[in-house]
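What follows is a single structure, written as structure tokens, with notes after it.
These numbers come from the heavy atoms of this one structure, side chains and all, not from hydrogens, waters or symmetry mates. Reminder, nothing fancy here: chain letters follow the sequence lines and each chain counts from 1. From a predicted model like this one, the values you see are computed outputs, not experimental measurements.
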There are 2 protein chains.
Amino acid sequence: MTKEDVISKKLENNNYKLTQQRATVLDVMYENKGKHLSAEDVLLKSKQKMPNIGIATVYRTLERLASLEVVYKTMFDEGKYRYELCEDENHQHHHIICMDCGNISEVEEDLLNNLESHLEKKGYKIVDHDLKFYGYCPDCNK
Amino acid sequence: MTKEDVISKKLENNNYKLTQQRATVLDVMYENKGKHLSAEDVLLKSKQKMPNIGIATVYRTLERLASLEVVYKTMFDEGKYRYELCEDENHQHHHIICMDCGNISEVEEDLLNNLESHLEKKGYKIVDHDLKFYGYCPDCNK
DNA sequence: CTCGGTGCAAACCCTTTGCAGTAAA
DNA sequence: TTTACTGCAAAGGGTTTGCACCGAG
């Protein structure tokens with residue numbers, strides 16, 4: 001089953017049509033695995049494949065993909081949302097943001113289970129977490 | 001040295017005047033220690049003390065206080081900034097956000113040193129971090 | 001054929017900025 | 001008196017929405 005099959009199944013199951021525009025946005029997201037694209041980034045990359053696509057369609061598509069858990073939608077301190085393809089189930093939203101070049105990369109470890117269980121003992125129910133480090137990436141840290 | 005003394009020293013050192021408006025915003029922030037207020041929250045609470053204060057002044061004041069490290073300015077996923085009085089130096093920005101009532105509280109632990117030193121070994125320079133848990137607070141988790 | 005999807009432009013929300021008048025120091 | 005600060009309203013940036021047309025199923 002190809003990536004498109006997986007997605008179109010998900011769309012189908014929710015009465016959504018797989019239009020050219022949605023396929024285009026999906027292609028862009030797949031071609032940028034691991035990157036955190038803003039809506040405008042997605043628009044510009046989509047326009048290279050389909051010049052007439054509009055920003056509203058991009059937003060609406062990304063919104064739907066986020067609700068189907070095909071992409072993650074995260075607000076960073078810069079004040080706009082960024083969208084990232086969901087790689088697999090155990091993605092943990094650990095970002096490291098370079099304060100110089102602005103690059104956002106992922107931290108793969110999961111050292112937070114202790115902290116989560118500590119909070120659950122206090123009566124919280126933890127559903128998700130989002131950890132961001134701010135600093136300088138190896139290239140800029142010179 | 002009272003709280004106002006500390007602040008007015010900081011303002012003085014930066015050629016800033018301690019106006020009625022700034023004093024009002026500071027009072028509001030002190031009266032809401034530990035809370036994460038939006039600019040509009042601050043405006044409404046300030047208007048109770050000084051009805052003519054404007055939103056632009058609130059934003060400008062909070063911006064100055066943030067640059068003086070008197071308050072923290074953080075963007076949450078709802079898409080707007082929230083401001084919080086800096087309590088002390090070892091504040092770690094560990095937030096827990098209730099997905100039901102929307103309350104934001106603080107997590108005091110610091111279990112992230114391992115993770116930070118791991119990243120520094122990889123060549124990163126870590127300056128700060130921001131950890132958010134999403135879930136349900138003890139009250140709503142029933 | 002039907003109904004959801006699209007592009008455009010206008011509306012929206014939050015935040016910032018320009019300007020003429022105001023008030024700290 | 002001097003210079004920074006204020007309130008207002010307008011502008012800005014990102015996101016959402018209304019509407020008439022379009023196209024996937």
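In this structure, the side chains of B:E84 and B:K35 stay at 4.5 Å or more apart for every pair of heavy atoms. Residues A:Y83 and A:L65 form no side-chain contact, since every pair of their non-hydrogen atoms from C-beta on lies 4.5 Å or further apart. Annotation: side chain of B:D77 is in contact with side chain of A:M75 (closest heavy-atom distance under 4.5 Å). Looking at heavy atoms from C-beta onward, B:E63 lies in side-chain contact with B:K73 at the 4.5 angstrom threshold. Residues B:D130 and A:L131 have side chains not in contact (no heavy-atom distance under 4.5 Å, counting atoms from C-beta outward).
Atom CD of A:E78 is separated from atom P of C:dT16 by 14 Å (rounded to the nearest Å). Here the P atom of nucleotide D:dC8 and the CG atom of B:L43 are 10 Å apart, to the nearest Å. For the pair B:M75 CE and D:dG14 C1', the interatomic distance rounds to 10 Å; values are reported in whole Å. When rounded to the nearest whole Å, the span between CG of B:L62 and C1' of C:dT15 equals 12 Å. Atom OH of A:Y81 and atom P of C:dC14 are 11 Å apart (whole Å). D:dA9 atom P lies 17 Å from atom OH of B:Y59, rounded to whole Å. If you take CG of B:D77 and P of D:dG14, they are 17 Å apart, rounded to a whole angstrom.
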Which pairs of donor and acceptor atoms, one on a side chain in residues 49-62 of chain A, lie under 3.5 Å apart (sequence neighbours left out)?
{"from": "A:K49", "atom 1": "NZ", "to": "A:E31", "atom 2": "OE1", "distance (Å)": "3.2"}
{"from": "A:K49", "atom 1": "NZ", "to": "A:E31", "atom 2": "OE2", "distance (Å)": "2.9"}
{"from": "A:T61", "atom 1": "OG1", "to": "A:T57", "atom 2": "O", "distance (Å)": "2.7"}

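For A:Q20, the CD atom counts as loosely surrounded, since its 6.0 Å shell holds 12 or fewer non-hydrogen atoms of other residues, nucleotides or ligands.
Taking five base pairs at each end of the helix from C:dC1-D:dG25 to C:dA25-D:dT1, the local helix axes there meet at an angle of 30°, rounded to 10°.
For the residue pair A:T24/A:D27, the side-chain donor-acceptor check at 3.5 Å is not satisfied.
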Let me have a per-nucleotide readout for nucleotides 2-13 of chain C, 5' to 3', with B, S or -, counting only protein heavy atoms under 4.0 Å.
-BSSSBB-----
